[in-house]
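Take a look at the structure below.
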Number of protein chains: 2
Amino acid sequence: MFDVDVRSRVPIYEQLVDNIKKMIIQNVLEKDEKLPSVRKMAQEITINPNTIQKAYRELESEGYIYSVPGKGSFVSDTKNTVSNQKIEVLTEELEGIVKELIYLGVPVKKIKTLVDEAEAEMREDGDR
Amino acid sequence: MFDVDVRSRVPIYEQLVDNIKKMIIQNVLEKDEKLPSVRKMAQEITINPNTIQKAYRELESEGYIYSVPGKGSFVSDTKNTVSNQKIEVLTEELEGIVKELIYLGVPVKKIKTLVDEAEAEMREDGDR
DNA sequence: CTTACTGTATTATTATAGTTAATACAGTTT
DNA sequence: AAACTGTATTAACTATAATAATACAGTAAG
């Protein structure tokens with residue numbers, strides 16, 4: 001569920017932050033749901049509790065979770081902002097890809113055509 | 001011309017690799033053009049020659065440049081080899097993101113605006 | 001009240017990657 | 001010969017991530 005790649009160049013605690021953020025935004029983790037305790041999570045994925053704590057501290061400071069000493073760490077209410085945050089993330093990704101395509105020599109016009117094609121495809125197979 | 005951010009989390013040598021790759025792909029650096037020597041480049045951007053060498057070694061192993069001991073390092077002929085496959089991959093990613101954005105209610109028109117903004121931002125960066 | 005959980009904090013240590021530094025050697029260019 | 005090139009090697013320094021070992025205080029349940 002919370003998988004990390006210990007060999008990745010991006011730090012474990014940051015992978016955790018990203019993963020959990022994503023799950024919260026996608027509503028895989030719901031409001032007030034309890035996250036595994038730092039020690040339990042540390043056991044689960046066999047890494048040091050301090051690393052988990054660092055991730056949780058970061059998530060709390062960004063408002064994604066709230067922690068109560070003695071009780072645990074819980075998912076914050078991000079309901080009203082969830083969709084916006086998700087769009088924000090996707091927009092950033094889009095920006096990066098567009099920039100790469102442009103420097104690879106793909107003209108903006110062509111990129112916009114791709115956007116249209118994606119929309120068309122989406123209407124065809126109305127799933128997802 | 002070859003600027004790096006020494007405070008970035010991405011290593012200097014990798015920034016160099018990326019920058020030079022981009023310039024080659026965009027044809028800012030042309031086939032058989034001579035790159036600054038490791039020592040000269042090191043002076044230019046005030047970092048260690050070994051770091052430059054590491055970048056050049058990487059670029060050579062990826063086929064972007066070729067180095068001749070005693071002469072220098074030169075841009076390879078990569079036209080039509082390197083970038084096409086990347087464009088394919090990026091196009092698929094673009095498609096996925098666009099579909100998600102549409103699903104979230106972002107109109108196609110707005111997405112195209114984002115494309116334009118990305119292009120504009122890119123031109124800003126390019127002049128820096 | 002005791003026990004076993006929670007989050008939190010602190011300090012020390014290890015591991016790793018990036019970078020710098022100082023040389024050295026051999027090929028080339030003039 | 002002198003001044004360039006790329007290349008290689010070894011050592012040292014730095015910053016950051018991660019581990020380890022504790023400790024303390026709040027909460028919940030028996």
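The analysis underlying the following values was restricted to heavy atoms, covering all of them including side chains, and did not include hydrogens, waters or symmetry mates. If you're wondering where the values come from, they're calculated on a predicted model, not measured in any experiment. By convention in this document, chain letters (A, B, ...) are assigned in the order of the sequence lines, proteins followed by strands, and residues within each chain are numbered from 1.
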Distance in angstrom units between [X] [atom1] and [N] [atom2], rounded:
X       : N      : atom1 : atom2 : answer
A:Arg57 : C:dT10 : CZ    : P     : 9 Å
B:Leu35 : D:dG6  : CG    : C1'   : 13 Å
B:Gln43 : D:dA3  : CD    : P     : 15 Å
B:Ile52 : D:dG6  : CD1   : C1'   : 13 Å
A:Asn48 : D:dA21 : CG    : P     : 10 Å
A:Leu59 : C:dG7  : CG    : C1'   : 14 Å
A:Leu16 : D:dA17 : CG    : P     : 14 Å
A:Tyr66 : C:dG7  : OH    : C1'   : 14 Å

Inset, instruction - Check every strand shown and say whether B:Glu60 touches a base, only sugar-phosphate, or nothing at a heavy-atom separation below 4.0 Å. - result: sugar-phosphate
Inset, instruction - With heavy atoms under 4.0 Å as the rule, sort A:Val6 into base, sugar-phosphate or nothing. - result: nothing
Inset, instruction - Classify the side chain of A:Arg9 and the base of D:dT16 as holding, or not holding, a donor-acceptor pair under 3.5 Å. - result: no
Look at [X] and [N] and indicate whether a side-chain polar atom (N or O) is within less than 4.0 Å of OP1 or OP2.
X       : N      : answer
A:Ser67 : C:dG7  : no
A:Thr51 : D:dA18 : no
A:Tyr56 : C:dG7  : no
B:Lys71 : C:dG27 : no
A:Tyr13 : D:dA18 : no

Legend entry - Identified side-chain contact (heavy atoms from CB on, under 4.5 Å) counterpart of B:Ile12 within the set B:Thr51, B:Val17, B:Asn48: B:Thr51
Inset, instruction - Please check if any side-chain donor atom of A:Tyr66 sits under 3.5 Å from a side-chain acceptor atom of A:Asp77, or the reverse. - result: no
Inset, instruction - Kindly indicate whether the side chain of B:Met1, heavy atoms from C-beta on, has any atom under 4.5 Å from the side chain of B:Met23. - result: yes
Inset, instruction - Could you please name the option among D:dT19, C:dT20, C:dA9 that lies closest to any side-chain atom of A:Gln53? - result: C:dA9
Inset, instruction - From the options C:dG7, C:dT19, D:dG6, select the nucleotide whose nearest atom is closest to the side chain of B:Ser37. - result: D:dG6
Inset, instruction - Decide, yes or no, whether a salt bridge links B:Glu95 with B:Lys99 under the criterion of side-chain N to carboxylate O below 4.0 Å. - result: yes
Inset, instruction - Could you pick out which residue, A:Asn50 or A:Gly70, lies toward the 5' side of DNA chain D when each is mapped onto its nearest nucleotide? - result: A:Asn50
Inset, instruction - Evaluate the criterion salt bridge (Lys or Arg N to Asp or Glu O under 4.0 Å) for residue pair A:Lys21 and A:Glu62; output intermediate values, then yes/no. - result: CA-CA 10 Å; A:Lys21 257 191 210 174; A:Glu62 290 188 39; 2.9 Å; yes
